[in-house]
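A quick write-up on the structure given underneath.
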Amino acid sequence: MSYKIVFFDVDGTITHHEDGTIPSFTIEAIKTLKSKGIKVVVATGRPLSMCKELQEIGIETFITANGGYVKHIDNIIHKVPMDKSIIKEVMEFAKLENNGLSFYTEEFSMNGVTEKEILTALKETLSLNEYPENNQLIHNEEVFLLCLFANDQTVEKYIQKFPQLTFKRWHPYVLNVLQENVSKSLAILKTLEFFGIDRSEAVAFGDGENDIDMLEVVGLGIAMGNGNEKLKKIANFVTKPSSEDGIDYALKKYGLI
């Protein structure tokens with residue numbers, strides 16, 4: 001099979017799963033893919049503002065906010081903005097309950113609630129060591145993903161309060177709050193359509209449970225050795241961990257570089 005495009009998750013896939021750096025072999029592998037005319041796309045839970053290091057490598061196409069916002073250079077390929085009135089209602093309820101919310105535009109902000117579990121989750125999911133900006137007027141902007149920081153007991157209150165929304169857990173303390181379908185797989189299909197590439201000609205690398213649909217939708221799905229066990233079970237191949245140049249290893253195995 002001649003593959004034309006490769007989608008990469010970021011945290012724990014492109015980045016070293018222990019220290020958050022991007023290994024030099026991974027940088028070189030991505031540059032080699034581009035030099036061979038193979039398109040490289042990032043597919044991440046991060047907002048675009050937290051992808052600058054990846055842009056510096058030469059990547060031009062980004063699926064961000066877990067699929068809520070897709071941009072190629074200056075072209076917006078796909079976006080799913082939430083209803084502003086619903087965001088405001090969720091914000092007001094979260095304020096009453098003292099629960100953390102995060103908001104994904106091209107930037108990343110929160111609602112000002114602080115607690116140990118939130119900071120731990122920010123570190124584990126976005127490699128952040130401190131809270132982002134507190135934006136109380138975020139409901140006036142286009143928000144492509146809203147996340148709730150909560151345990152299962154707390155989430156039940158939100159499910160009862162907002163039956164029109166879907167709450168999808170992707171981390172032990174973080175849930176996507178969805179008004180309509182947002183996923184990496186849907187964003188990948190939109191990206192493939194934009195470039196005129198068939199899904200059978202696509203490769204995807206991931207490490208988390210929220211990457212399962214991404215690996216399932218492409219022709220070749222590769223799980224990192226440090227990845228989630230459910231993801232490994234559905235992957236076509238499990239490569240070495242990101243800390244052991246797993247991307248470079250798999251790309252060479254399949255003759256992409």
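Predicted, not measured: the structure shown is a model, and the values here were computed from it.
A cation-pi arrangement is absent between K184 and F7, since the terminal nitrogen or guanidinium carbon is not both under 6.0 Å from the aromatic centre and inside a 45° cone about the axis.
In this structure, F237 has its ring center under 6.0 Å from that of Y254.
If you chain together hydrophobic residues whose side chains sit under 4.5 Å apart, F8 and I234 never meet in one group. Linking ILVMFWY residues whenever their side-chain heavy atoms come closer than 4.5 Å, directly or via other members, places F108 and V80 in the same cluster. When hydrophobic clusters are built by joining Ile, Leu, Val, Met, Phe, Trp and Tyr residues whose side-chain heavy atoms come closer than 4.5 Å, directly or via intermediates, L165 is grouped together with I159. Criterion: ILVMFWY side-chain heavy atoms under 4.5 Å apart, direct or through other members. Under it, L220 and Y249 are part of a common hydrophobic cluster. Using a 4.5 Å cut-off between side-chain heavy atoms of Ile, Leu, Val, Met, Phe, Trp and Tyr, with links allowed through other members, F195 and I59 fall into different hydrophobic clusters.
Considering CE of M82 and CD of E180, their distance stands at 9.0 Å, rounded to 0.5 Å. Note that the CG atom of D11 and the CG atom of D207 stand 8.0 Å from one another [nearest 0.5 Å]. Going from atom CG of L48 over to atom CD1 of I63 covers 12.0 Å, rounded to the nearest 0.5 Å. D213 CG to I188 CD1: the interatomic distance, rounded to the nearest 0.5 Å, is 7.5 Å. The structure places OH of Y3 at 11.5 Å from CG of L251, a figure rounded to the nearest 0.5 Å. Taking CD1 from I30 and CD1 from I57, the interatomic distance works out to 5.0 Å, rounded to the nearest 0.5 Å.
Here the side chain of T154 pairs no donor or acceptor atom with the backbone of A150 at under 3.5 angstrom. T15 places a side-chain N or O within donor-acceptor distance of the main-chain N or O of G12, the cut-off being under 3.5 Å. For D248 (side chain) and D245 (main-chain N/O), no donor-acceptor pair under 3.5 Å exists by modelled atom type. A donor-acceptor pair is defined here as one N or O able to donate and one able to accept, closer than 3.5 Å; such a pair exists between the side chain of S242 and the backbone of H17. One N or O on the side chain of N236 and one on the backbone of G221 form a donor-acceptor pair closer than 3.5 Å. When atom types are taken as modelled, the side chain of D211 and the backbone of M214 share no donor-acceptor pair closer than 3.5 angstrom.
Of all heavy-atom pairs spanning T105 and E141, the tightest one is CG2-OE1, 3.8 Å. Shown here for Q179 and D83, the closest heavy-atom pair between the two residues is OE1-N, 2.7 Å. The heavy-atom pair separating K79 from E142 by the smallest distance is NZ-OE1, 3.0 Å. Minimum interatomic distance between P241 and N226 (heavy atoms only, all atoms of both residues): CA-OD1, 3.2 Å. Across F205 and G246, no two heavy atoms sit closer than the pair CE2-O, 4.5 Å. Residues G68 and V182 approach most closely at N-CG1, 3.4 Å, considering heavy atoms.
Residue Q164 qualifies as enclosed at atom CD: its count of foreign heavy atoms under 6.0 Å is above 12. Remark: E216 CD is packed, more than 12 non-hydrogen atoms of other residues, nucleotides or ligands lying under 6.0 Å away. Within a 6.0 Å radius of CZ in F194, other residues, nucleotides and ligands contribute more than 12 heavy atoms.
Here the side chains of I222 and L215 are not in contact, with every heavy-atom distance at 4.5 Å or above. Within the 4.5 Å cutoff, no side-chain heavy atoms of V70 are placed close to those of I76. Considering only heavy atoms from C-beta on, L145 comes within 4.5 Å of N176 through its side chain. When side chains are defined from C-beta on, I14 counts as touching L54, because their heavy atoms get closer than 4.5 Å. The side-chain heavy atoms of N66 and Y104, taken from C-beta on, include no pair separated by under 4.5 Å. In this structure, the side chains of V90 and F162 come closer than 4.5 Å at one or more pairs of heavy atoms. Using a 4.5 Å heavy-atom threshold, the side chains of I138 and S109 count as touching. Within the 4.5 Å cutoff, no side-chain heavy atoms of F62 are placed close to those of T44.
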Throw together a table of side-chain donor-acceptor distances under 3.5 angstrom for residues 32-39, partners on residues two or more places apart or in other chains.
| unit_1 | atom_1 | unit_2 | atom_2 | d |
| --- | --- | --- | --- | --- |
| T32 | OG1 | E28 | O | 2.8 |
| K34 | NZ | G58 | O | 3.0 |
| S35 | OG | T32 | O | 2.7 |
| K36 | NZ | L256 | O | 3.0 |

Per-pair distances, 0.1 Å, donor-acceptor, side chain in residues 110-118, under 3.5 Å, sequence neighbours excluded:
| unit_1 | atom_1 | unit_2 | atom_2 | d |
| --- | --- | --- | --- | --- |
| N111 | OD1 | L101 | N | 3.0 |
| N111 | OD1 | V113 | N | 3.4 |
| N111 | ND2 | N99 | O | 2.9 |
| E115 | OE2 | Y173 | OH | 2.3 |

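Legend: residues meeting side chain to side chain donor-acceptor pair (under 3.5 Å) with Q136, ordered by chain and number and at least two apart, are N134. By the ring pair (Phe, Tyr, Trp, His ring centres under 6.0 Å) test, F144 pairs with Y69, sequence neighbours left out.
Other residues sharing the hydrophobic cluster of V238, ordered by chain and number and joined by side-chain separations under 4.5 Å: none, the residue standing alone.
K95 has no carboxylate O lying under 4.0 Å from a charged side-chain N of E92, or vice versa, which leaves the two without a salt bridge. With respect to K71 and E106, a salt bridge is recorded, a charged nitrogen being found less than 4.0 Å from a carboxylate O.
E60 and H72 are not linked by any side-chain donor-acceptor pair at a separation below 3.5 angstrom, with hydrogens and angles left out of the test.
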V218 vs V203, side-chain contact (heavy atoms from CB on, under 4.5 Å): CA-CA, chis, key distance, verdict: CA-CA 6 Å; V218 297; V203 182; 5.8 Å; no
With side-chain contact (heavy atoms from CB on, under 4.5 Å) as the criterion, how do L178 and F167 come out once you've worked through the C-alpha distance, each side chain's angles and the decisive distance to 0.1 Å? CA-CA 6 Å; L178 304 173; F167 296 84; over 6 Å; no
L128 vs M50, side-chain contact (heavy atoms from CB on, under 4.5 Å): CA-CA, chis, key distance, verdict: CA-CA 10 Å; L128 288 176; M50 291 179 61; 3.8 Å; yes
Output, in order, the C-alpha distance, side-chain angles, deciding distance and verdict of side-chain contact (heavy atoms from CB on, under 4.5 Å) for W170 and C147. CA-CA 10 Å; W170 58 277; C147 285; 3.9 Å; yes
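When each of I77, I5, V40 is checked for a side-chain contact (heavy atoms from CB on, under 4.5 Å) with T61, only I77 meets the rule.
Applying the side chain to side chain donor-acceptor pair (under 3.5 Å) rule to pairs touching residues 190-203 yields K4-E201, D198-S200, sequence neighbours excluded.
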